[in-house]
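Before any comments, here is the structure.
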Amino acid sequence: MALLDQVIGQGRMLSESSRMMRGMSASQRAEAQRLAADTLRGLDRADRLLSRVMRKKPPLHIRNVLRLGTVELCQGGEAHGVVSDLVAYVSGNRRYRHLKGLVNAVLRQMADGAGKPWNDLRIPRLPKWLRDPLVEAWGNGAVTAMEAAHFKGAPLDITPKADVERTAEQLDGIPLPTGSIRLNDFGQVSTLPGFDNGDWWVQDAAAALAVKALDPRPGLRTLDLCAAPGGKTLQLAAAGADVIAVDLSEKRIERLRENLERTGLSANLVVGDALDFSETGFDLIVLDAPCSATGTIRRHPDLPYAKDGSDFAGLIALQAQLLDHALSLLAPDGKLMYCTCSLLPDEGEVQIAELLERNPEFRTDPGAFDLPGVSKDWITEEGGLRLRPDYWPELGGMDGFYMACLTHQP
């Protein structure tokens, strides 16, 4: 419940919750995260049902108890267990124990039939602050399809270090057209076959396309700016490239170092501001710029509730700075891959169109995205690649992403 209070009441992401889950086992942390994520995905539906049986809204903490219970019950949770566990939880809270009767009464109504319209309710919508600009960019039909993908959640995608077919068979996974492997039922990631041996790493299929499009090869001088969490660094290293990975966060670089050790790969790791990095002459550069992360909502349903868009203008300005700086580090015949896990054109299509106006000596290379599993319809007017959560619906979707490959004009 503390996780929901943190997101909805304090505007903090679930990823910032490690401190409050100290002392919990890995499986307990995973279950807490799952419950919070499922509740956030179904929040709109839960509130609609709860409004039918309550005249007044209780305090936020109790509202979150009822939301969680409603989602669990409506998604098939065992009624007696869900109701008794949550009533016992509230009974043990000095501040709210006087509301245990309310919790018991409301959740029993949900269990007895008040929650049956669940599947008839509309797919939960994005908050207006985000939905409006997305509808303006992609149209209402596309956004509705994205919302359906968000509500469904996300499978686990992994990038194999070597043999796709063998790794997929080992994990009972589905090889995707782009070379990633998808797992729909996976449990605790660290216990999966091949994890300890470093045979693969977690990486959404959309994110993995950026490095695939660069076609890294042994010996190429390669720079990964804003590198953490490190999936692209691992891809570059696995291809044999000579990699320098730069990130501002020492903690995230340490996590990347652990993944390099686990997979038996190597890269030169640098903790520092990408704008201060000054080595030049790189054959390949990856810039996965800080962004709104609006393309990852199916994995991070807390984002629409923890953010309000007020920091996006600063991110867009930073992306432009990083782009111009990264281009200055490129070798004359080098390639720069710019990408953001965003659905907002201002962080993708518009950003690159404006960059080309500022830097007419560069061009985009849409041919870089002539890859298995990539539709030509996804190529944008300025020569980038637009990926959305509603793409690949028959395969389980993908994260929203934008990427563009930049080279010097011939």
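This chain uses plain numbering: 1 for the first residue, then up along the sequence. These numbers come from a predicted model, not from an experiment.
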Do [X] side-chain atoms and [Y] backbone N/O form a donor-acceptor pair below 3.5 Å?
X    : Y    : answer
R182 : L395 : yes
R386 : I379 : no
Q188 : T191 : no
R41  : R298 : yes
H150 : P301 : no
E147 : L126 : yes
W200 : P193 : yes
N359 : L355 : yes
D283 : G334 : no
R45  : P124 : no

Do [X] and [Y] come close enough that some side-chain heavy atom pair is under 4.5 Å?
X    : Y    : result
V71  : R67  : no
L130 : L343 : no
V106 : M54  : yes
L183 : L171 : yes
Y89  : K100 : no
H61  : Y96  : yes
E279 : L329 : no

Notebook entry, point to check: Are Q6 and E16 close enough that a side-chain donor and a side-chain acceptor fall under 3.5 Å?
Noted result: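 Side chains of Q6 and E16: no pair found under 3.5 Å.
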
Next item on the list: Using only heavy-atom distances, determine whether the side chains of S249 and D247 contain a donor-acceptor pair under 3.5 Å.
Entry: no

Notebook entry, point to check: So, W378 versus F401, ring centres under 6.0 angstrom or not?
Noted result: no

Notebook entry, point to check: Under 6.0 Å between the ring centres of Y305 and H300?
Noted result: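 Here the rings of H300 and Y305 have centres that are no less than 6.0 Å from each other.
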
Between [X] and [Y], is there a side-chain N and carboxylate O pair less than 4.0 Å apart?
X    : Y    : value
D44  : R125 : no
D365 : K335 : no
R217 : D215 : yes
E258 : R255 : no
R388 : D399 : no
E169 : R166 : no
R108 : D112 : no

Item checked: R299 vs D204, salt bridge (charged side-chain N to carboxylate O under 4.0 Å, His left out): CA-CA, chis, key distance, verdict -> CA-CA 10 Å; R299 297 185 187 279; D204 187 80; 2.6 Å; yes

Item checked: Evaluation steps, salt bridge (charged side-chain N to carboxylate O under 4.0 Å, His left out), between E254 and R257 -> CA-CA 5 Å; E254 182 57 35; R257 181 176 287 109; 2.8 Å; yes

Side-chain donor-acceptor contacts of residues 230-238 below 3.5 Å, not counting sequence neighbours, with atom names and distances?
unit_1, atom_1, unit_2, atom_2, d
K232, NZ, D288, OD2, 2.8
T233, OG1, D224, OD2, 2.6
Q235, OE1, Q203, NE2, 2.9
Q235, NE2, A208, O, 3.0

